Novice: 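I'd like to ask you about the structure that follows.
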Amino acid sequence: LNGTLRQQTFAMRSLEAAGAYAMPALIRAFTAGASSSQELMAERAILNIGRNAVLPLCESLNGLPAGQQVRVIRVLGEVGSKIAAPWIASVANAKGATSDVRQAASEAMSRMGVSSTDQNALWTSMARSFIVGAEGLLPYPAEMQQPTWRFDGDHGLMPKMVSTGV
């Protein structure tokens with residue numbers, strides 16, 4: 001994400017083409033705090049990836065400190081996918097959630113058009129969407145396998161491939 005304008009453009013195109021698979025590196029760059037320009041470029045790439053970035057971002061939420069949770073929640077709000085609502089509500093309603101996290105969550109949920117903060121209702125709604133095959137829960141519906149995500153504080157975001165039929 002650094003370099004000449006041409007190198008940055010090539011990097012952005014490559015990251016967008018990689019979609020969800022680029023998210024481990026993008027989340028590291030977005031939350032590292034090393035360089036504001038690198039963080040901005042990572043945020044732009046995440047927004048360009050769009051809905052395929054949502055599940056990896058959601059899975060990373062619980063493993064991040066409050067300041068980084070706020071940034072990820074704001075990006076999720078900008079993407080606008082209601083799929084993120086259960087994760088956002090979970091983080092906002094967690095014991096020890098900061099007022100900044102709760103405020104960012106409220107703004108993101110409003111931006112997504114979600115009024116409920118009832119985690120059970122949000123998870124149930126997402127499960128129903130999955131059963132009926134709603135767009136966005138499977139990042140690559142035509143492929144035989146889908147990435148599922150796990151965030152580990154030591155290793156960051158890690159994919160695990162599962163059969164699309166599961």
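Hydrogens, waters and symmetry mates are skipped; everything else that's a heavy atom, side chains included, is used. Fair warning: this is a prediction, and the values are worked out from it, not measured in the lab.
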Novice: What closest approach, in Å, do Met23 and Ala53 show between heavy atoms, and which atom pair accounts for it?
Specialist: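 Shortest heavy-atom contact: SD-CB, 3.6 Å.
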Novice: Do you know which of Val72, Val75, Asn52 makes side chain to side chain contact (heavy atoms under 4.5 Å, CB included) with Ile46?
Specialist: Val75
Novice: From the options Glu16, Glu43, Arg13, select the one residue that forms a side-chain hydrogen bond (donor to acceptor under 3.5 Å, both in side chains) with Asn48.
Specialist: Glu16
Novice: Who else is in Tyr21's hydrophobic cluster (ILVMFWY, side-chain heavy atoms under 4.5 Å, direct or via others)?
Specialist: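 Same cluster as Tyr21: Tyr140, Met161.
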Novice: What distance do Leu64 atom CG and Ile27 atom CD1 have between them, rounded to the nearest 0.5 Å?
Specialist: 7.5 Å
Novice: How about Arg150 and Asp152: do any of their side-chain heavy atoms sit closer than 4.5 Å?
Specialist: yes
Novice: Quick check: does any side chain N or O of Ser81 sit under 3.5 Å from a backbone N or O of Ala84, one acting as donor and the other as acceptor?
Specialist: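 Between the backbone of Ala84 and the side chain of Ser81 there is no qualifying donor-acceptor contact (under 3.5 Å).
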Novice: Side chains of Gln145 and Val162, heavy atoms from C-beta outward: is any pair under 4.5 Å?
Specialist: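 No, every pair of side-chain atoms sits at 4.5 Å or beyond.
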Novice: Is it true that a side-chain atom of Glu59 and a backbone atom of Pro56 form a donor plus acceptor pair closer than 3.5 Å?
Specialist: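 Answer holds: no.
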Novice: Using a 4.5 Å cut-off on heavy atoms from C-beta on, say whether the side chain of Val79 contacts that of Met112.
Specialist: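 The answer is no; the side chains never approach within 4.5 Å.
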Novice: Which distance, rounded to the nearest 0.5 Å, do you find between the CD of Gln69 and the CG of Asn62?
Specialist: 7.0 Å
Novice: Heavy atoms, side chains only, cut-off 4.5 Å: are Ile49 and Leu26 in contact?
Specialist: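 Ile49 reaches Leu26 side chain to side chain.
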Novice: Looking at every heavy atom in both Ala45 and Met12, which two are closest together, and how far apart are they?
Specialist: N-CE, 3.4 Å
Novice: Verify side-chain contact (heavy atoms from CB on, under 4.5 Å) between Leu61 and Leu76, making sure each step is shown before the conclusion.
Specialist: CA-CA 11 Å; Leu61 273 174; Leu76 286 167; 4.0 Å; yes
Novice: Report the distance from atom CD of Gln38 to atom CZ of Arg28, rounding to the nearest 0.5 Å.
Specialist: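 Those atoms lie 10.5 Å apart.
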Novice: Show which side-chain atoms of residues 117-126 pair as donor or acceptor with protein atoms under 3.5 Å away, not counting sequence neighbours.
Specialist:
from, atom 1, to, atom 2, distance (Å)
Asp118, OD1, Asn120, N, 3.1
Thr124, OG1, Asn120, O, 2.8

Novice: For residues Trp149 and Pro24, determine if any side-chain heavy atom of one lies less than 4.5 Å from a side-chain heavy atom of the other.
Specialist: yes
Novice: What is the distance from atom CE of Met158 to atom CZ of Phe151, rounded to the nearest 0.5 Å?
Specialist: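 Output value for this atom pair is 9.5 Å.
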Novice: So, using side chain to side chain contact (heavy atoms under 4.5 Å, CB included) as the criterion, who are the partners of Asp100 when residues are at least two apart?
Specialist: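 Side chain to side chain contact (heavy atoms under 4.5 Å, CB included) list for Asp100, sorted by chain: Val70, Thr98.
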Novice: Does Val54 reach the side chain of Trp87, with side-chain heavy atoms less than 4.5 Å apart?
Specialist: no
Novice: Do Met41 and Arg44 have side chains that get closer than 4.5 Å, going by heavy atoms?
Specialist: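 A side-chain contact under 4.5 Å exists here.
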Novice: Measure across Glu39 and Ala29 and return the closest heavy-atom pair with its distance rounded to 0.1 Å.
Specialist: CG-O, 3.4 Å
Novice: Quick one: pull up CD1 in Ile83 and CD1 in Ile88 and give me the separation to the nearest 0.5 Å.
Specialist: 11.5 Å
Novice: Starting at CD1 of Ile73, measure out to CZ of Arg111 and round the result to the nearest 0.5 Å.
Specialist: 13.5 Å
Novice: Taking Ser110 for the side chain and Ser106 for the main chain, is one N or O donor matched with an acceptor at less than 3.5 Å?
Specialist: no
Novice: Applying a strict under-4.5 Å side-chain criterion to I, L, V, M, F, W and Y, I'd like to know whether Phe10 and Leu40 cluster together.
Specialist: no
